[in-house]
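Notes to accompany the following structure.
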Amino acid sequence: MPRRSRLILACLLFSTSLFADDAALWHEFGLVRTDAGKQGSLSVTRYRMKDVTGALAAWEWLRSPQGRPCEFAPFCTVDGQRTVINDDNYIVIFDGGAPTKAQVESELKALPDKKDTSLPAILSYLPRQGLTPDSARYVLGPASLAAFAPELASANPGFEQGAEAQVASYQLNAQEQPIRLALFYYATPEMARLHVVDFKLLGNVIVKRSDVLVAVVFGSASEKQADTLLSRVQYEAKITWNETPPPGPIKPLFQLLKNIIYLSVLLSALGLTAGLLHAGTRMYRRRFGTLDADEALTTLHLN
């Protein structure tokens, strides 16, 4: 079988097993298509997602918990011979060795139909202190909630109302076991307040609300550990203007003053030019005898 045919067959088998194992999760993240190829000795797998949010969720899921950041992109991790990169609405995975910067740039530049939109707001509210590296997982719906936080799967977080969440592990003390936090982001404080009640009905959870954020500590965390972690969750409103604000009153007044000065200078120059032309014409006509008698200027020679 030719090499190209073997590669296509491998891609089809890979995609089939991929969807068979995690079909609900990929559907929730918005997988559009997947394909694979080669760059030298490296295998390259590309996942095209519906939007940036789904791509970020898939990248957090596909990266290794033992990975470390790399410099090829803002969202990039490497673990041994596997490099996972998120670029706009794509995830690109290099297997079989460490890619060079030129290989990564060439691959990312060739990606078709890229969509660059804003990242989810919840990313800025997840506490960083004590966060276990590469433990955060983005939750978009019931499938990802069941996969990353099965203890909360029976709750109704309100995904149909636009809720989103991040699930992560925290190491508060070197002698203690990591604890789990789920941070939910809602459109309004009222929605967040209503869902606090739903979470408290689960039992074995400690819940805190901060404006539009609902933080849930679950698992084997003690009350002291939960209080320490929950105290780090604070909401700060961030306002983004979608339209250009009206200019301040000073700038239009300054521009008006400049226009008045320019107009005054222009009119003065025009008046001076007209006067000089008129005077020059009369002097010429008077000198060469073309000035009429009624136009003559009587000069009194007084000593």
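We number each residue from 1, following the sequence as shown. Owing to the predicted nature of the structure, the values given are computational and were not obtained by experimental measurement.
To the nearest 0.5 Å, the span separating CG on L145 from CD on E151 amounts to 9.5 Å. Separating the CZ atom in R232 from the CG atom in L183 is a distance of 14.0 Å, to the nearest 0.5 Å. From I91, atom CD1 reaches atom CG of L31 across 8.0 Å, with rounding to the nearest 0.5 Å. Interatomic distance, R46 CZ to I93 CD1, rounded to the nearest 0.5 Å: 11.5 Å. Distance check: N156 CG to Q161 CD gives 7.5 Å after rounding to the nearest 0.5 Å. The CG atom of L108 lies 11.5 Å from the CD atom of Q103; values are rounded to the nearest 0.5 Å.
In this structure, the side chain of S106 does not engage the main chain of A102 through any donor-acceptor pair within 3.5 Å. A distance-only check finds a donor-acceptor pair linking the side chain of S222 to the backbone of Q225 [under 3.5 Å]. The closest donor-acceptor contact from the side chain of T83 to the backbone of V78 lies at 3.5 Å or more, if one exists at all. When atom types are taken as modelled, the side chain of Y185 and the backbone of G162 share no donor-acceptor pair closer than 3.5 angstrom. Of the possible polar contacts, one joining the R137 side chain to the D134 backbone as a donor-acceptor pair under 3.5 Å is found. With hydrogens and angles disregarded, a donor-acceptor distance shorter than 3.5 Å links the side chain of T188 to the backbone of M191. S144 places no side-chain N or O within 3.5 Å of a backbone atom of V139 that could act as its donor or acceptor partner. H195 places no side-chain N or O within donor-acceptor distance of the main-chain N or O of V214, the cut-off being under 3.5 Å. Formation of a donor-acceptor pair under 3.5 Å by the D51 side chain with backbone atoms of A55 is not found in this model. Formation of a donor-acceptor pair under 3.5 Å by the E107 side chain with backbone atoms of V104 is not found in this model.
Taking a 6.0 Å sphere around NZ of K50, one finds it holds 12 or fewer heavy atoms contributed by other residues, nucleotides or ligands. Counting non-hydrogen atoms of neighbouring residues, nucleotides and ligands closer than 6.0 angstrom, the CD atom of E160 exceeds 12 such neighbours. Within a 6.0 Å radius of CD in Q129, no more than 12 heavy atoms belonging to other residues, nucleotides or ligands are found. Heavy atoms from other residues, nucleotides or ligands lying under 6.0 Å from CD of Q177 number 12 at most.
Note on F75 and V92: separate hydrophobic clusters, where clusters join Ile, Leu, Val, Met, Phe, Trp and Tyr whose side-chain heavy atoms are under 4.5 Å apart, directly or indirectly. By the criterion of side-chain heavy atoms lying less than 4.5 angstrom apart, applied directly or through intervening Ile, Leu, Val, Met, Phe, Trp or Tyr residues, L111 is not grouped with V32; the two fall into different hydrophobic clusters. There is no path of hydrophobic side-chain contacts, each under 4.5 Å, that joins L42 to L62. Neither F72 nor V84 shares a network with the other; the hydrophobic side chains, linked directly or stepwise wherever heavy atoms of I, L, V, M, F, W or Y lie under 4.5 Å apart, form separate groups for each.
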Begin from the C-alpha positions of V217 and L230 and carry the test side chain to side chain contact (heavy atoms under 4.5 Å, CB included) through to its verdict. CA-CA 8 Å; V217 175; L230 291 175; 3.7 Å; yes

Applying salt bridge (Lys or Arg N to Asp or Glu O under 4.0 Å) to D113 and R48, what does each step give before you reach the verdict? CA-CA 9 Å; D113 299 322; R48 178 184 166 192; 3.6 Å; yes

R209/D211 under salt bridge (Lys or Arg N to Asp or Glu O under 4.0 Å): CA gap, chis, key distance, verdict: CA-CA 6 Å; R209 182 178 74 88; D211 202 74; 5.4 Å; no

Before you tell me yes or no, could you show the steps for L256 and K258 under side chain to side chain contact (heavy atoms under 4.5 Å, CB included), namely the whole-Å CA-CA distance, both residues' side-chain angles and the distance that decides it to 0.1 Å? CA-CA 5 Å; L256 177 62; K258 283 174 51 178; over 6 Å; no

Go through E60 and Q166 one step at a time and tell me if the side chain to side chain contact (heavy atoms under 4.5 Å, CB included) criterion holds. CA-CA 10 Å; E60 289 189 337; Q166 280 273 85; 3.0 Å; yes

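Aromatic pair F199/F184: centroids less than 6.0 angstrom apart.
Checked options L181, V167, I179, L202; the residue passing with F218 is V167 (criterion: side-chain contact (heavy atoms from CB on, under 4.5 Å)). Looking at W26, Y47, Y138 one by one, the single match for ring pair (Phe, Tyr, Trp, His ring centres under 6.0 Å) with W61 turns out to be W26.
A donor-acceptor pair shorter than 3.5 Å can be found between the side chains of D79 and S64.
L123 and R128 get closest at one heavy-atom pair: O-NH2, 2.9 Å. For K115 against D88, the heavy-atom pair with the smallest separation is O-CB, 3.3 Å. For P120 against E164, the heavy-atom pair with the smallest separation is CB-OE1, 3.8 Å. Here the closest heavy-atom approach between residue V233 and residue A215 is recorded as CG2-CB, 4.0 Å. Taking both residues in full, the closest heavy atoms of A155 and P157 are given as O-CD, 3.2 Å, listed atom of the first, atom of the second, then distance. Shown here for P178 and Q171, the closest heavy-atom pair between the two residues is CG-OE1, 3.2 Å.
A salt bridge is absent between K114 and D116; no separation between the charged side-chain nitrogens and carboxylate oxygens falls under 4.0 Å.
F94 meets the ring-ring contact (aromatic ring centres under 6.0 Å, His included) test with no other residue; sequence neighbours excluded.
Taking 4.5 Å as the limit, every side-chain heavy atom of T117 sits out of range of all side-chain heavy atoms of N89. Proximity of V52 to L119: side-chain heavy atoms (C-beta onward) are separated by under 4.5 Å at one or more points.
With W59 as the aromatic partner, R63 meets the cation-pi criteria of under 6.0 angstrom to the ring centre and within 45 degrees of the ring axis.
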